[in-house]
Amino acid sequence: MTNTIETSRLFAPLQVRQWTFRNRVVMPPMVTCRSITAEDGVEWYRRRAAGGAALVIVEATGVPRFGSELTAPSLRPLVDAVHREGALAAIQLFPVNRGDDHQVDALVDAEIEGIVRAYRLAARVCLDAGFDGVEPHGAHGFLLNRFFSSAHNHRTDKYGGTPENRARLAVEIVRTLRETVKEKMLLLYRHSPVMEPGYGLEESLELTQRLVAEGVDILDLSPSSREGPADLAAPFRRFGVPVIAVGAMDQPSRAAEALREKRADLIAVGRGLIADPDWPRKVRRGQWDAVVGCIKCDLKCFGNLRTGIPIACTQWDEAEFK
Ligand SMILES: Cc1cc2nc3c(=O)[nH]c(=O)nc-3n(C[C@H](O)[C@H](O)[C@H](O)COP(=O)(O)O)c2cc1C
């Protein structure tokens, strides 16, 4: 049982430029295997916003889909639903379509330029749809993260070799996004603090410093694997932008401690919000005993994701959060 005094820090508002976060709880991007432009996908996100999260980051979405399949009018119901429930809405932008595998070393210049161009178009669409923020997915060993990893990137051109070169694509994307959305949107960046082998914390800090210099407003720091150390956000606070701590932060006392010890400014609750969208509301009221807790079995969240079935939770009361 956690009392409300211990967790009150979780519910202090945070101002980031013109955006007010009603508390410190972020729903991180999680592929739902639902359509974000269809009713069930919209309802999934609306329900999580209604549970009290301050910022809902919509799942990894391939930039090639924007402009054709995903348009401002088709995305607006999702954004409006999240806003109506009082949360901010961002969306994670993935450099390629899900399932497409690209090797860093094999990409030619024209393909790299195409990725940056697709980010530009995606950002325009997201701005027109009313999103408050966009987040390039630079974590978890996917393409942008592999560009930064010396274990995956063996290029000998301006995108390979030194940390500066390995950071170049991420920097170009962030610069393009900032040019495109000006000050009208928040720029988040999701990065994995360490990836062994590939890069350590020092190189990671070098990358994020460059990204902040290009205009990133919030660093979303997610471990590169479930075996990796959770919550390595603290060292990244030195750049003066808010950081999100990610990874099994759904114990309210643990989340509040990270805030109290100034290791993070915001806390992501991922699987915890799949299990119980009302996590923020219940924790705020001190009703921790009433939270449907995530047991980290990963059977119907990661498990369903692997097979493309809409994600769910083994802990759900069949009738409750479907
Ligand atoms: C079903 C599922 C889908 C996920 N999809 C994404 C994704 O689209 N992009 C991403 O960066 N992370 C994704 N993640 C990782 C989460 O955002 C989060 O980093 C991870 O679950 C750890 O946080 P947690 O311990 O609070 O669940 C996903 C996780 C799950 C369970």
Side-chain angles (χ1 to χ4, degrees), residues 1-16 19-30 32 40 42-59 78-90 132-133 218 220 222 230-231 233 242-298 300-301 311-322:
M1 176 80 183
T2 309
N3 68 42
T4 45
I5 297 160
E6 269 181 292
T7 56
S8 60
R9 276 167 210 273
L10 269 171
F11 299 99
L14 177 73
Q15 191 70 27
V16 186
W19 288 273
T20 305
F21 290 63
R22 59 181 164 180
N23 58 51
R24 305 305 176 98
V25 183
V26 173
M27 178 177 172
M30 290 181 290
T32 56
D40 62 336
V42 171
E43 174 57 16
W44 175 271
Y45 287 104
R46 186 205 64 76
R47 187 65 188 82
R48 268 86 205 151
L55 168 67
V56 169
I57 308 177
V58 174
E59 64 202 75
L78 170 65
V79 178
D80 289 349
V82 170
H83 281 164
R84 267 199 303 274
E85 300 293 353
L88 301 172
D132 303 288
I218 297 177
D220 179 8
S222 179
D231 182 18
V243 304
I244 310 176
V246 185
M249 297 301 288
D250 57 338
Q251 287 296 325
S253 53
R254 188 156 176 245
E257 188 181 270
L259 296 175
R260 191 172 54 246
E261 293 178 353
K262 301 199 184 316
R263 287 188 276 118
D265 303 277
L266 293 157
I267 299 298
V269 179
R271 287 165 295 173
L273 281 182
I274 297 175
D276 191 342
D278 291 326
W279 188 102
R281 207 159 56 186
K282 289 176 181 170
V283 171
R284 179 177 199 140
R285 291 186 190 142
Q287 298 169 331
W288 174 233
D289 291 345
V291 169
V292 179
C294 164
I295 60 163
K296 314 287 180 291
C297 67
D298 293 344
K300 290 193 176 181
C301 53
I311 61 167
C313 180
T314 56
Q315 300 305 292
W316 284 351
D317 171 333
E318 282 306 306
E320 212 174 353
F321 305 119
K322 279 183 154 179

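Values in this document were obtained by computation on a predicted structure and should not be read as measured data.
Under the 4.0 Å criterion applied to side-chain N and carboxylate O atoms, Lys296 and Asp250 are assigned as salt-bridge partners. Salt bridge annotation for Arg254-Glu257: absent, with no cationic side-chain nitrogen under 4.0 angstrom from a carboxylate oxygen.
Looking at Ile218 and Phe21, their side chains come closer than 4.5 Å, going by heavy atoms from C-beta outward. No side-chain heavy atom of Lys300 sits less than 4.5 Å from a side-chain heavy atom of Ile274. Lys282 places none of its side-chain heavy atoms less than 4.5 Å from the side chain of Asp289. Using a 4.5 Å cut-off on side-chain heavy atoms (C-beta onward), Asp220 and Val26 make no contact. Using a 4.5 Å cut-off on side-chain heavy atoms (C-beta onward), Asp276 and Gln315 make no contact. Within the 4.5 Å cutoff, side-chain heavy atoms of Pro252 are placed close to those of Trp279.
Under the 3.5 Å distance criterion, the side-chain polar atoms of Asp265 are matched with a main-chain donor or acceptor of Val243. Distance alone, capped at 3.5 Å, is enough to place a donor-acceptor pair between the Arg48 side chain and the Leu273 backbone. When atom types are taken as modelled, the side chain of Arg22 and the backbone of Ala53 share a donor-acceptor pair closer than 3.5 angstrom. In this structure a side-chain-to-backbone donor-acceptor pair under 3.5 Å is present from Arg24 to Ala12. The backbone N or O of Val292 sits nowhere less than 3.5 Å from a side-chain atom of Trp316 that would complete a donor-acceptor pair.
When all heavy atoms are compared, the tightest approach of Ala264 to Ala245 is CB-CB, 3.6 Å. A pairwise comparison of heavy atoms in Ala49 and Ala87 identifies CB-CB, 3.8 Å as the closest pair. Contact between Tyr45 and Ile57 at its shortest, heavy atoms only, is CE2-O, 4.3 Å. Contact record, Ala50 with Arg281: O-NH1, 3.3 Å, taken as the closest heavy-atom pair. For Ala89 against Val82, the heavy-atom pair with the smallest separation is CB-CG1, 3.8 Å. Closest heavy-atom contact between Leu88 and His83: CA-CD2, 4.4 Å.
Residue Thr7 holds its OG1 atom at 10.5 Å from CZ of Arg260, rounded to the nearest 0.5 Å. In this structure, CZ on Arg285 lies 8.0 Å from CG on Asp278, to the nearest 0.5 angstrom. Interatomic distance, CZ of Arg9 versus CD of Glu261, reported as 10.0 Å (0.5 Å rounding).
Paired with Leu10 under the rule side chain to side chain contact (heavy atoms under 4.5 Å, CB included), one option of Asn23, Val25, Leu266 passes, and it is Val25.
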